**Q** 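Once you've had a glance at the structure underneath, I'll fire off some questions.
All ligand and atom numbering here is 1-based and tracks the order in the structure. Source: prediction; values computed, not measured.
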Amino acid sequence: MNDDLTSQYTIPNYRRYDFWPERGQGAYVWDRDGKKYLDFAGGVAVNPLGHCHPEVVAAVKGQVEKLIHVSNWFQIPQQGELAKVLVEEILQIPGKCFFGNSGAEANEGLIKLARRYGVLKTKADGSPRYEILTFTGSFHGRTFATMSATAQEKIHGGFGPLVPGFTYLPFNDVAALKAAVNENTVGILLEPVQGESGVNPATAEFLRAAAALRDEHDLVLLFDEIQCGLGRAGHTAGWRCIVPGDEIRPDGVSFAKSIGSGYALGAFWARDRSIGDAAGTSLSDILGAGSHGSTYGGSPLACVTALATLEVILRDKLPEHAQKMGAMIAETAGGWNLPALTAVRAFGFMIGFQLNVQRIEANEEFKASGQLASLWIAQKCLDAGLVSVPAGPKVIRWLAPLNTTEAEVAEGLEIFRGVLAAV
Ligand SMILES: *Cc1c(COP(=O)(O)O)cnc(C)c1O
């Protein structure tokens, strides 16, 4: 088929598996040879309802025949409807939303929000505050600012000077966080559950310390919920899997991935919080007309797709279901006693299986493969009919659809156990 065209005509920036999915339904995909797989990669958290959910398909079809795109010069009522769901039902904290097209673009918006705040609420000498604290193991995107925000050298490599104004701190180190805040600091940006670096949660103590420092030093507290949000981690708001209820109130939250069931959409939310000026301006209003924008962002088609997706997530109580399934996976896999697996971290359907790399390195076939342990295991899973993704060199990650049934979970666990037992 087109194997050669991809390598000949597309930039070789992805390390792709020799896996050619052709169609999907729910938690299953079929490759071009007709082989069936259970898909627990879930498009890296992009498919919360699995492949081609009928209500999403119907919403797309209905809108595609009515109006696909209009400019943000004009009224797009679906943006208001979608923002209302994010504010009232997902976050349940008053605020306002902006719509773009990707996770990186959503985080760019949060970074601009923080920088703008630092221009309005300056240092004592009247110059802007601009420094944003970010954390080891984070991933915030591949644009210049979000790559610079990402505290991982392997993401920075080879592009010359980064965007200034980010300070990297060890994740979950409260003392280091307290010590780092200075007169230039304006914001703290973190993933409540880090995804790309291996499903690593913030501690409750760390989130509380960040919120307290925000209050004490007039900062903005920004949560990147692109991977852990929208029900993925077992709560509509991801950080509530760590500190439940209303105790922690971030000032900005970014969304993408699960929001659009695969239709490109990203969003950020800013809280209705007075910035303390004479006019009583709200943080959610400081990006005024002309300050930010996105040509494609929040098209009627994108918004309708997201509305259909979120409606099913909320109506079918999928966050609670994910919580239950995550607990079941952790319990089952935790009892396997397989030497290749050292730990399971499950937050709803955001699951990291920590591999025993030394054990895998002893395998002769692995030695010959020249691969990283997680990539090699992911290939073994593919061979066995299970799609998963690595998260760093030592972790296999499942981001299964939030509506994956108990029987499908049991099927996936059985395949995975077989793969791990064989190495
Ligand atoms: C995927 C991801 C991003 C980047 O999203 P893109 O849509 O690829 O730009 C940012 N932050 C987190 C936590 C992510 O998982």
Side-chain angles (χ1 to χ4, degrees), residues 11 13-16 41-48 90 98-114 132 134-152 154-156 163 166 168 171-172 187-202 207 221-233 235 237-239 241-242 250 252-269 294 296-298 302 305-306 309 345 347-352 388-392 395 397-400 402:
I11 302 278
N13 60 310
Y14 296 113
R15 177 164 35 191
R16 296 181 196 271
V44 186
V46 171
N47 299 324
I90 298 295
F98 168 87
F99 297 104
N101 305 282
S102 69
E105 199 185 342
N107 282 336
E108 287 275 344
L110 288 185
I111 293 165
K112 280 180 77 172
L113 181 79
I132 299 173
T134 65
F135 302 94
T136 49
S138 58
F139 181 76
H140 299 300
R142 297 288 195 161
T143 60
F144 239 100
T146 59
M147 172 176 94
S148 304
T150 297
Q152 289 193 64
K154 69 167 195 202
I155 304 285
H156 302 155
V163 172
F166 295 100
Y168 312 135
F171 193 45
N172 282 334
I188 299 172
L189 170 63
L190 63 89
E191 297 159 76
V193 183
Q194 293 185 338
E196 295 307 305
S197 62
V199 188
N200 296 309
L207 291 187
L221 178 60
L222 309 173
F223 287 168
D224 177 345
E225 295 239 329
I226 288 165
Q227 190 159 151
C228 70
L230 302 170
R232 170 71 38 197
H235 292 260
W239 78 86
C241 78
I242 299 161
V253 176
S254 54
F255 301 104
K257 294 206 163 94
S258 295
I259 196 171
S261 280
Y263 193 92
L265 177 66
F268 75 85
W269 163 93
S294 175
Y296 283 130
T305 310
T309 303
R345 291 185 291 276
F347 301 88
F349 264 125
M350 187 167 177
I351 294 154
S388 59
V389 279
V395 174
R397 191 172 27 154
W398 285 3
L399 300 155
L402 302 181

**Q** Kindly confirm or rule out an N or O of Glu105 lying under 3.5 angstrom from an N or O of ligand 1.
**A**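 Checking ligand 1 against Glu105, no N or O pair falls under 3.5 Å apart.
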**Q** Which atoms of ligand 1 have any heavy atom of Ser102 under 4.0 Å away?
**A**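 In order of number, 7 (O), 9 (O).
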**Q** Against Gln227, only a single residue in Glu196, Gln194, Arg232 fulfils side-chain hydrogen bond (donor to acceptor under 3.5 Å, both in side chains); can you say which?
**A**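 For Gln227, the side-chain hydrogen bond (donor to acceptor under 3.5 Å, both in side chains) test succeeds with only one of Glu196, Gln194, Arg232, which is Glu196.
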**Q** Could you tell me whether Phe166 and His156 have their ring centroids closer than 6.0 angstrom?
**A**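 For Phe166 and His156, the ring centres are not under 6.0 Å apart.
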**Q** Strictly distance-based, threshold 3.5 Å: is any side-chain N or O of Glu225 a donor or acceptor partner for the main-chain N or O of Val253?
**A** no
**Q** Of all the non-hydrogen atoms in the protein, which one sits nearest to atom 5 (O) of ligand 1, and at what distance?
**A**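 Going atom by atom, the protein heavy atom closest to atom 5 (O) of ligand 1 ends up being Gly103 CA, 3.3 Å.
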**Q** Within ligand 1, which atoms have a heavy atom of Gln227 less than 4.0 Å away?
**A** 15 (O)
**Q** Heavy atoms only, cut-off 4.0 Å: how does Ala256 contact ligand 1, side chain, backbone, both, or neither?
**A** neither
**Q** Any idea which protein heavy atom is nearest atom 11 (N) of ligand 1, and the distance to it?
**A** Asp224 OD2, 2.7 Å
**Q** Any idea which atoms of ligand 1 are less than 4.0 Å away from a heavy-atom of Glu191?
**A** 13 (C)
**Q** For Ser254 and Phe268, indicate whether the former's side chain and the latter's backbone hold a donor-acceptor pair under 3.5 Å.
**A** no
**Q** Please say whether Ile226 places an N or O atom under 3.5 Å from an N or O atom belonging to ligand 1.
**A** no
**Q** Please write down residue, atom name and distance for the protein heavy atom closest to atom 1 (C) of ligand 1.
**A**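 Answer, as residue, atom name and distance: Lys257 NZ, 1.5 Å.
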**Q** Please say whether Gly141 places an N or O atom under 3.5 Å from an N or O atom belonging to ligand 1.
**A**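 Such a contact does not occur with ligand 1.
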**Q** Within a strict 4.5 Å, meaning less than it, do heavy atoms of the Ile226 and Asn107 side chains meet?
**A** yes
**Q** For His140, which part has a heavy atom under 4.0 Å from ligand 1: side chain, backbone, both, or neither?
**A** backbone
**Q** Answer whether the closest heavy-atom distance between the side chains of Thr134 and Thr150 falls below 4.5 Å.
**A** no
**Q** Check each atom of ligand 1 against the heavy atoms of Asn107 and keep those under 4.0 Å away; list them by number with element.
**A**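 Answer, ordered by atom number: 10 (C), 11 (N).
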**Q** Taking atom types as modelled, find out whether Ser197 and Gln152 have a side-chain donor-acceptor pair closer than 3.5 angstrom.
**A**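 No, no side-chain donor-acceptor pair sits under 3.5 Å.
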**Q** Any side-chain heavy atom of Ile351 within less than 4.5 Å of one from Arg397?
**A**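 Ile351 vs Arg397: side chains apart.
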**Q** Within a distance under 4.0 Å of any heavy atom of Ala104, pick out the atoms of ligand 1 and give their elements.
**A** 4 (C), 5 (O), 6 (P), 9 (O)
**Q** Atom 8 (O) of ligand 1: protein heavy atom closer than 4.0 Å?
**A** no
**Q** Before giving the answer on side-chain contact (heavy atoms from CB on, under 4.5 Å), spell out for Phe135 and Ile188 the whole-Å C-alpha distance, their side-chain angles and the decisive distance to 0.1 Å.
**A** CA-CA 9 Å; Phe135 302 94; Ile188 299 172; 3.8 Å; yes
